Colleague: 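What follows is a single structure, and I will ask about it in a moment.
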Amino acid sequence: MSSVMESKVRIQREDFSVTDEIEAMKKVSRNIGGIVVFLGTGREMSKGQNITKLSFEHYPKMAEKKLEELRLKAIDDYKIIDMSIIHRIGEIDIGENIVLIVAAGEHRKEAFSACEWAITELKRTTPIWKSETTSTGEVWVQDTP
Amino acid sequence: MSSVMESKVRIQREDFSVTDEIEAMKKVSRNIGGIVVFLGTGREMSKGQNITKLSFEHYPKMAEKKLEELRLKAIDDYKIIDMSIIHRIGEIDIGENIVLIVAAGEHRKEAFSACEWAITELKRTTPIWKSETTSTGEVWVQDTP
Amino acid sequence: MITLKYFASLKSIAGKEEEQLDLGNETTVQKLSEILAKTTPQIGEMIQGKKILVSVNQDVATLDTVIHDGDEVAFLPPFSGGSQ
Amino acid sequence: MITLKYFASLKSIAGKEEEQLDLGNETTVQKLSEILAKTTPQIGEMIQGKKILVSVNQDVATLDTVIHDGDEVAFLPPFSGGSQ
């Protein structure tokens, strides 16, 4: 396993393997009973417009710091065993992976809650920006719900 | 891709690949924005006792029928794009995969709700039974929460 | 003939996984439980006390459900699929 | 010298990704926004109208936050990470 796999929060250009990330998470504890994964992928439609390309940019260091804060708060607040977070940057095609959150708990309930909280909080607090290219050009998305 | 992959609910002895199941799900629509996965794995501890082995048995035909009913109800009630469900039977070691539910939605909220509902409903309505082997012997588990 | 199937913990209680019984053309789950109460009292009690589910042809049944010749009846202890 | 960084939509508004300014040893986000209001009015307005966040050394700042020589100040439009 590469050293990159050892970090529990990463921002990277390259794609990731959901299976590899889950297997890395399983190594943390033999007492994991439930793993909840959120995988965000590129949609073709946005506000009725056809998207041909997505692109993400981040504020290096600050984005990683926010993800690590988010991870530690999720572990602490929801009493889960561990969490990993990966967000891709650069150009991303429709259907490709964008963001992955893996939450491992002894039981499923806390893993579901932690995972859903984490993706909502990531969108709110992490300095990452998306641009969408449609037939009318490229625009930075400002109003994510 | 083998024909086995084409069925959206499966009960099988062999392990599965989470990545392969997600990629199969992505082929259903180019409008998937969020995929929520629940992966249940074998825990080492149960009620303070060390488990050395797990084993699952099912009622063939009825279990598959219940899973398909559950899948269709999840799609209908939560307005998700699709769902797949796999449950393993036979002997399973600690840390190994037991059950996988993949819920794909246009947005994440409905995918989280559908996935959490589905695993709760699976435990309640699907004729599958678990036996746990500890130092004191093998027992059928009757009281899952 | 109807086919009876026992699952999980019920296999050791019944001492078998499956059996065939001739109950005529039509009976009910209630009547079947009374017959079983004589041969395997624990199973009969569990059905009547609703400790276990009964299915007829893979559908969950009640005590009133009619069983026809050729049907498959299964006795299902509380489910425990999934993890944890 | 302090370093200013512009992200996403702000890069085309400011016409640059990064610049260096000499503001003496100590200033505040408020004073910086007033200086920027003269050179890049839109950015100055967005800061004061709280349309964008300002960070100092990767921490979210307020208008009162003090900026020291050597600090990195970034202008952050509303985030849009994740899918959807």
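Please read these numbers as outputs of a predicted model, since none were measured by experiment. Protein chains get the first letters and strands the later ones, always in sequence-line order, with residue 1 at the start of each.
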Colleague: Is the closest side-chain donor-acceptor distance between A:Y59 and D:E72 under 3.5 Å?
Modeller: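 On atom types as modelled, these side chains qualify, holding a pair under 3.5 Å.
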
Colleague: Does atom CD of D:Q42 have more than 12 heavy-atom neighbours from other groups under 6.0 Å away?
Modeller: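 Incorrect, the count does not exceed 12.
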
Colleague: Counting only non-hydrogen atoms closer than 4.5 Å, does D:D59 touch chain A with its backbone (N, CA, C, O), its side chain (CB onward), both, or neither?
Modeller: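 Contact with chain A: backbone and side chain both.
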
Colleague: Between A:L122, A:T125, A:I128, which shows the greatest number of heavy-atom pairs under 4.5 Å with chain D?
Modeller: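 Highest number of pairs under 4.5 Å: A:I128.
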
Colleague: Going by heavy atoms in the side chains, are A:T134 and A:V139 under 4.5 Å from each other?
Modeller: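 Side-chain contact under 4.5 Å: no.
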
Colleague: Heavy atoms only, distances under 4.5 angstrom: which of A:K66, A:K61, A:M45, A:H58 has the most pairs with chain D? Name it, please.
Modeller: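 Between A:K66, A:K61, A:M45, A:H58, the count favours A:K61.
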
Colleague: Quick one: CD on D:E26 to NZ on D:K31, what's the gap to the nearest 0.5 Å?
Modeller: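 These two atoms lie 8.0 Å from each other.
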
Colleague: Less than 4.0 Å between a side-chain N and a carboxylate O, is that true for A:R124 and A:E121?
Modeller: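 Result for this pair is yes, salt bridge flagged.
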
Colleague: Going by residue number, which parts of residues 8-18 of chain D are within reach of chain A, meaning a heavy-atom gap below 4.5 Å?
Modeller: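 At a heavy-atom separation under 4.5 Å, chain A is reached by D:A8, D:S9, D:K11.
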
Colleague: If a pair satisfies ring pair (Phe, Tyr, Trp, His ring centres under 6.0 Å) and one of its residues is in residues 28-78 of chain D, list it, with sequence neighbours excluded.
Modeller: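 Qualifying pairs: D:Y6-D:F75.
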
Colleague: When rounded to the nearest 0.5 angstrom, what distance separates CD in A:E110 from SG in A:C115?
Modeller: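 A:E110 atom CD to A:C115 atom SG measures 12.5 Å (nearest 0.5 Å).
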
Colleague: What pairs with A:D76 under salt bridge (charged side-chain N to carboxylate O under 4.0 Å, His left out), at least two apart in sequence or on another chain?
Modeller: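 Not a single residue meets the salt bridge (charged side-chain N to carboxylate O under 4.0 Å, His left out) criterion with A:D76.
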
Colleague: When rounded to the nearest 0.5 angstrom, what is the spacing between OG1 in D:T3 and CG in D:D71?
Modeller: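 Spacing of OG1 (D:T3) from CG (D:D71) equals 9.0 Å.
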
Colleague: Heavy atom to heavy atom, less than 4.5 Å: which residues from residues 77-103 of chain A reach chain D?
Modeller: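 The stretch touches chain D at A:H87, A:I98, A:V99.
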
